[in-house]
Protein chains: 2
Amino acid sequence: MAARKALTRDDVVDAAVHLLAEVGLEGLSLRRLARDLGVSAPTLYWHVTDKRTLLDHVAERLLLDQWRVTPLTPGEDWAEWLRERATVQYRALIAHRDAARVLAGNRPTEAAMPAVEEVLGTLVGAGFTPAQAFASIQAVGNLVIGSALEYQAERERDATTDRTAGDGPAHDPDRFPHHSALAALLADRPDHGADHDALFRHGLDLMIAGLRVQQAGTVTHAG
Amino acid sequence: MAARKALTRDDVVDAAVHLLAEVGLEGLSLRRLARDLGVSAPTLYWHVTDKRTLLDHVAERLLLDQWRVTPLTPGEDWAEWLRERATVQYRALIAHRDAARVLAGNRPTEAAMPAVEEVLGTLVGAGFTPAQAFASIQAVGNLVIGSALEYQAERERDATTDRTAGDGPAHDPDRFPHHSALAALLADRPDHGADHDALFRHGLDLMIAGLRVQQAGTVTHAG
DNA sequence: TGCCCTCCTCTAACGGTGTTAGAGACGCTA
DNA sequence: TAGCGTCTCTAACACCGTTAGAGGAGGGCA
């Protein structure tokens, strides 16, 4: 046998990330992962303590480049800067299959600290108290992950469900007039209203508008 | 043997809800569920097509009383009304173990339609366009589920993790000054800052403030 | 009475899962 | 040469969701 180079934990995590993209979270088994690596399943336990912690590493890897530090440029609006950051985070989540599900329930790891510190600093610099800044980061993060989760869940559903079925039961317009009006409105669009990017942007806009209001109040109070 | 009354699908769903509260989503297996019902595992397949759809029913059951219709009373502020509704939803989610995880990825079922219709109608009545109202409901929902997910994940983590460990590595105040300031600030509180209810309220306040801004803009445009 | 039929439950089994125990091969160092 | 840490292996355990197919209980009907 040609002497194969020994496996690294990074190799395992890499392969897991790729396998996740290929078969989704349900299909990601240690045996399959081991097979892809040309190794037997229990071998993985030498590199990784647990499947759960393997997924922790995968989550960290998935957000790796999102943690790049991109400081506020002088003269740039902090709110626009924050919106851009949150959007990048959202796009990173929905770009990789089941990324949101893997990420949900993982504490921010050590590697995320510089990025969080940066946002914290920017918001404090914009006039927020540290507590406000912290709560706001959390809120934006929760919105991002909730939106990504919802989007990916719907995508999975669409892939599973029989597509020949129409747009649902076409509910009674008398009982649900607003639903009907909405459906009529969305029927014109080519994507049947499933523009999740715009949907996310709407939510993010609301939250950032709220932040602007809060900041105005704080600044007024302070000065 | 005393003739046992035949099982209903509602019985199965009920037992699943209770078992979920007891052992969490990981521990909820069909065999265990069958044992609790005094029945063999394959029997469940006569009442339920699938574990996945069983969880759908569980999700529906978990939100059942949250779908009660509570119309806007005359003179009541629509924003306060909406905040109240979202808060009830959040509380319902965090009150039951793993409810958020079960709910994530379930399309709103038929039973949720009256409630959604009601919120849709209230927002349209407040001056929003149907599209705005729809996107806003979605946004608030995503925030609620993201927050609940985060809270329950952290709770699970705390239950699992060795509690003797301190509050983490106490990071370098030079590299992470804002983190340090925040930690110092939160150290005074009895709960070490883990007041998730207040954290959720903060996010919800931001979003509702954003909605107020948007409504003001719409009304200005319209009138 | 005898028969059928539908409801509901059973046992047996299949192929999969995460995980542990323990043996063994490779290469470096003394 | 002996020893030791590193890395991988086979065998096995207890569990999982799910299917196949048999069978009992009870009501409706000839």
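Computed from a predicted model, the values in this text were never measured in an experiment.
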N or O in side chain of A/Thr43 less than 4.0 angstrom from D/dC9 OP1/OP2: yes

Distance-only donor-acceptor hits, side chain of residues 57-64 of chain B, under 3.5 Å, sequence neighbours excluded:
{"unit_1": "B/His57", "atom_1": "NE2", "unit_2": "B/Arg9", "atom_2": "NH1", "d": "3.3"}
{"unit_1": "B/Arg61", "atom_1": "NH1", "unit_2": "B/Asp14", "atom_2": "OD1", "d": "2.3"}
{"unit_1": "B/Arg61", "atom_1": "NH2", "unit_2": "B/Asp10", "atom_2": "OD1", "d": "3.3"}

Rounded to whole Å, please give me the gap between CH2 in A/Trp46 and C1' in D/dT8. 10 Å

Is A/Ser40 near enough to D/dT8 that one of its side-chain N or O atoms lies under 4.0 angstrom from OP1 or OP2? no

Can you sort out the partners of B/Arg201 under salt bridge (charged side-chain N to carboxylate O under 4.0 Å, His left out), two or more places apart, ordered by chain and number? B/Asp197

Side chain to side chain contact (heavy atoms under 4.5 Å, CB included) against B/Ala95, all qualifying residues, sequence neighbours excluded: none

According to side chain to side chain contact (heavy atoms under 4.5 Å, CB included), who are the partners of A/Arg31, at least two apart in sequence or on a separate chain? A/Ser29, A/Ala41

What pairs with B/Ala21 under side chain to side chain contact (heavy atoms under 4.5 Å, CB included), at least two apart in sequence or on another chain? B/His96

Sequence neighbours excluded, the answer for salt bridge (charged side-chain N to carboxylate O under 4.0 Å, His left out) partners of A/Arg83 is A/Glu80, A/Asp205

Does the side chain of B/His202 come under 3.5 Å of the side chain of A/Ser136 through a donor N or O and an acceptor N or O? yes

Hey, is the side chain of A/His47 poking within less than 4.0 Å of OP1 or OP2 on D/dT6, counting only N and O atoms? no

B/Glu117: which residues meet the salt bridge (charged side-chain N to carboxylate O under 4.0 Å, His left out) condition with it, sequence neighbours left out? none

Nucleotide D/dT6, atom P - distance to NZ of A/Lys5 in whole Å: 15 Å

Taking B/Arg85 first and then B/Glu118, would you say they form a salt bridge - that is, a charged N and a carboxylate O separated by under 4.0 Å? yes

Those residues that, when tested against A/Ala15, pass side chain to side chain contact (heavy atoms under 4.5 Å, CB included) (two or more places apart): A/Leu33, A/Leu37

Contact list (N/O, under 3.5 angstrom) for nucleotides 18-21 of chain C vs protein:
{"unit_1": "C/dG18", "atom_1": "OP1", "unit_2": "A/Leu30", "atom_2": "N", "d": "3.3"}
{"unit_1": "C/dG18", "atom_1": "OP1", "unit_2": "A/Lys51", "atom_2": "NZ", "d": "2.8"}
{"unit_1": "C/dG18", "atom_1": "OP2", "unit_2": "A/Leu30", "atom_2": "N", "d": "2.9"}
{"unit_1": "C/dG18", "atom_1": "N7", "unit_2": "A/Arg31", "atom_2": "NH1", "d": "2.7"}
{"unit_1": "C/dG18", "atom_1": "O6", "unit_2": "A/Arg31", "atom_2": "NH2", "d": "3.1"}
{"unit_1": "C/dT19", "atom_1": "OP1", "unit_2": "A/Asp50", "atom_2": "OD1", "d": "2.7"}
{"unit_1": "C/dT19", "atom_1": "OP2", "unit_2": "A/Tyr45", "atom_2": "OH", "d": "2.6"}
{"unit_1": "C/dT19", "atom_1": "OP2", "unit_2": "A/Lys51", "atom_2": "N", "d": "3.0"}
{"unit_1": "C/dT19", "atom_1": "O5'", "unit_2": "A/Tyr45", "atom_2": "OH", "d": "2.8"}

Contacts to DNA chain D from residues 11-25 of chain B, heavy-atom cutoff under 4.0 Å, which residues? none

Provide, to the nearest angstrom, the distance between the CG atom belonging to B/Leu37 and the C1' atom belonging to C/dT9. 13 Å

Can you name the salt bridge (charged side-chain N to carboxylate O under 4.0 Å, His left out) partners of A/Asp36, sequence neighbours left out? A/Arg32

Describe, as an angle rounded to 10 degrees, how the axis at the first end of the helix from C/dT1-D/dA30 to C/dA30-D/dT1 is tilted relative to the axis at the last end, five pairs per end. 30°

